[in-house]
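Inspection log for the structure reproduced underneath, given as structure tokens.
As the structure is a prediction and not an experimental result, all values here were calculated from the model.
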Amino acid sequence: MSSVIQDSEVDIVIAAVQPNLTTFFEAWRPFFSRFHIIVVKDPDMTENLQIPTGFDLKVYTKSDIDGVLGATSINFSGHSCRYFGYLVSRKKYVISIDDNCLPAKDTAGSTVDVVAQHIANLKTPATPFFFNTLYDPYRKGADFVRGYPFSLREGVECMLSCGLWLHNADYDPMTHVVKRNQRNTTYVDAVMTVPLGAMLPVSGINVAFNREVLGPAIFPGLRLRKEGKHRWDTLEDVWNGLCAKVVCDSLGYGVKTGLPYVMRSDAEAGKALESLKEWEGVKIMDEVLPFFQSLKLSRTAVTVEDCVKELASIVREKLGPKNAIFTKAADAMVEWNNIWKSHAARDA
């Protein structure tokens, strides 16, 4: 199942939520320069973007979003603007890194090549049906342990690679306040497949996926606040990750987490107190986790599009009466599916 992924098959998508991207791009130049890059400017940003030269890069702005989508109820402000980049990409694979992240160092002091590691995660099989205690058996120096069924050793195709972060961890605002001086310094040199049926909080900070297959399930749905300018302000990526995991489980695909790491800046760390009393994410997650853990899609949903459509219907029926944001999320999921389908037809 493992195959070579060509540079021409990869897009790097950056959501520009700050105007000066000079430091960001210069730091990533050794790893990004040979790939095509899509930068989507936060539609609420009025400042001009500052981007150094020397990259194969296309910038999309609010006028581009409006021109492609026309009237839409989906909010692409803040970090959600990156989803527009996923839509307009024509590549099989997408890698997305937040613009406040820089390359990390591994335990040997070498700079981590985020692109290469994400590609390695996506091109080698995942093993969601039986947990391997040596983690990813396809990494150098590892294998399947004694007792691992040979019938499962071929694995399944990996659709989603969820990287991690050093320094400023991706906490909710309450944890940020309690541990405002704590930084994540632990580099765990491991990749693992998330088991079938297990949910995880996918973060859009450092992520890669098979756009060609999973694209319709990577959408901006649930929003807690209109602004969405800080990671702890929103659950759009976490909600999306839960939906994507259900889709992958239903269709027999895999999701990996662990390497690669990025170094995340302190830019947001001191601001969490501002929204502490307003953040409804804790209540939302307590409501949705049992829902996703028990959710089973029908066997008639045989494509990602089928799964998203059915999932949206179940969300509207089961969660909509509890909170209007779930109804809006279901509406956004259906609309995204339609947008994806129509955009793909135009590109065909």
Spacing of OG1 belonging to Thr193 relative to CG belonging to Leu160, to within rounding of 0.5 Å:
11.5 Å
So CG of Leu49 and CG of Asp99: to nearest 0.5 Å the spacing works out to 9.5 Å
Give the C-alpha distance, both sets of side-chain angles, the deciding distance and a yes or no for salt bridge (charged side-chain N to carboxylate O under 4.0 Å, His left out) between Asp331 and Arg316.
CA-CA 8 Å; Asp331 291 342; Arg316 183 178 289 106; 2.6 Å; yes
Pairs of donor and acceptor atoms involving the side chains of residues 126-134, under 3.5 Å and at least two apart or interchain, shall be tabulated with distances.
residue : atom : partner : partner atom : Å
Asn132  : OD1  : Val145  : N            : 3.1
Asn132  : ND2  : Tyr135  : O            : 3.1
Asn132  : ND2  : Asp143  : O            : 3.1

Within the structure provided, determine whether Ile314 and Phe291 are in side-chain contact (heavy-atom separation under 4.5 Å).
yes
To the closest 0.5 Å, what do you measure between CD (Glu305) and CG (Asn338)?
10.5 Å
SG of Cys101 to NE2 of His167: how many Å apart, nearest 0.5 Å?
11.0 Å
I would like to know whether Phe292 and Trp239 meet ring pair (Phe, Tyr, Trp, His ring centres under 6.0 Å); could you show each step before the answer?
CA-CA 10 Å; Phe292 280 104; Trp239 171 267; 5.3 Å; yes
With the 4.5 Å side-chain cut-off for hydrophobic clustering, are Met192 and Val156 part of the same group?
no
May I have the step-by-step check of side chain to side chain contact (heavy atoms under 4.5 Å, CB included) for Tyr261 and Val188, ending in yes or no?
CA-CA 9 Å; Tyr261 280 82; Val188 180; 3.6 Å; yes
Are Lys105 and Thr111 close enough that a side-chain donor and a side-chain acceptor fall under 3.5 Å?
yes
State whether the side chain of Asn206 and the backbone N or O of Pro260 hold a donor-acceptor pair below 3.5 Å, judged by distance alone.
yes
Rounded distance [0.5 Å steps], CZ in Arg264 versus CG in Asp98:
7.0 Å
Any chance you could lay out the side chain to side chain contact (heavy atoms under 4.5 Å, CB included) test for Val202 and Val255, step after step, and finish with the verdict?
CA-CA 10 Å; Val202 174; Val255 175; 5.5 Å; no
Any side-chain donor-acceptor pair under 3.5 Å between Glu236 and Asn240?
no
Under 4.5 Å between side-chain heavy atoms, hopping through other hydrophobics if needed: is there a path connecting Val39 to Phe31?
yes
Is there a path of hydrophobic side-chain contacts, each under 4.5 Å between heavy atoms, that joins Trp28 and Val59?
yes
Under 3.5 Å, side chain of Lys256 to main-chain N/O of Leu122, donor-acceptor pair present?
no
Qualifying residues under salt bridge (Lys or Arg N to Asp or Glu O under 4.0 Å), relative to Glu26, sequence neighbours excluded:
Arg29
Quick one: is the NZ or CZ of Lys91 closer than 6.0 Å to the six-membered ring centre of Tyr93, and within 45° of its axis?
no
Could you walk me through whether Ile95 and Gln117 pass the side chain to side chain contact (heavy atoms under 4.5 Å, CB included) check?
CA-CA 11 Å; Ile95 297 170; Gln117 183 62 56; over 6 Å; no
What about Val114 and Leu102, same hydrophobic cluster or not, with Ile/Leu/Val/Met/Phe/Trp/Tyr joined at side-chain heavy-atom distances under 4.5 Å?
no
Pair Val68-Arg346, side chain to side chain contact (heavy atoms under 4.5 Å, CB included): steps then yes or no
CA-CA 11 Å; Val68 171; Arg346 289 200 300 268; 3.8 Å; yes
With rounding to the nearest 0.5 Å, note down the distance linking CG in Asp136 to CG in Asn121.
7.0 Å
Are Leu200 and Ile284 connected, step by step, through hydrophobic side chains (Ile, Leu, Val, Met, Phe, Trp, Tyr) whose heavy atoms are closer than 4.5 Å?
yes
Salt bridge flag under 4.0 Å for residues Arg90 and Asp11
no
ring-ring contact (aromatic ring centres under 6.0 Å, His included) filter on Phe35, not counting sequence neighbours, yields none
Should the ring pair Phe76 and Trp336 be called parallel, tilted or perpendicular, given that the plane angle runs from 0 to 90° and is split at 30 and 60?
tilted
Compare all side-chain heavy atoms of Met263 with those of Leu166 and state whether any distance is below 4.5 angstrom.
yes
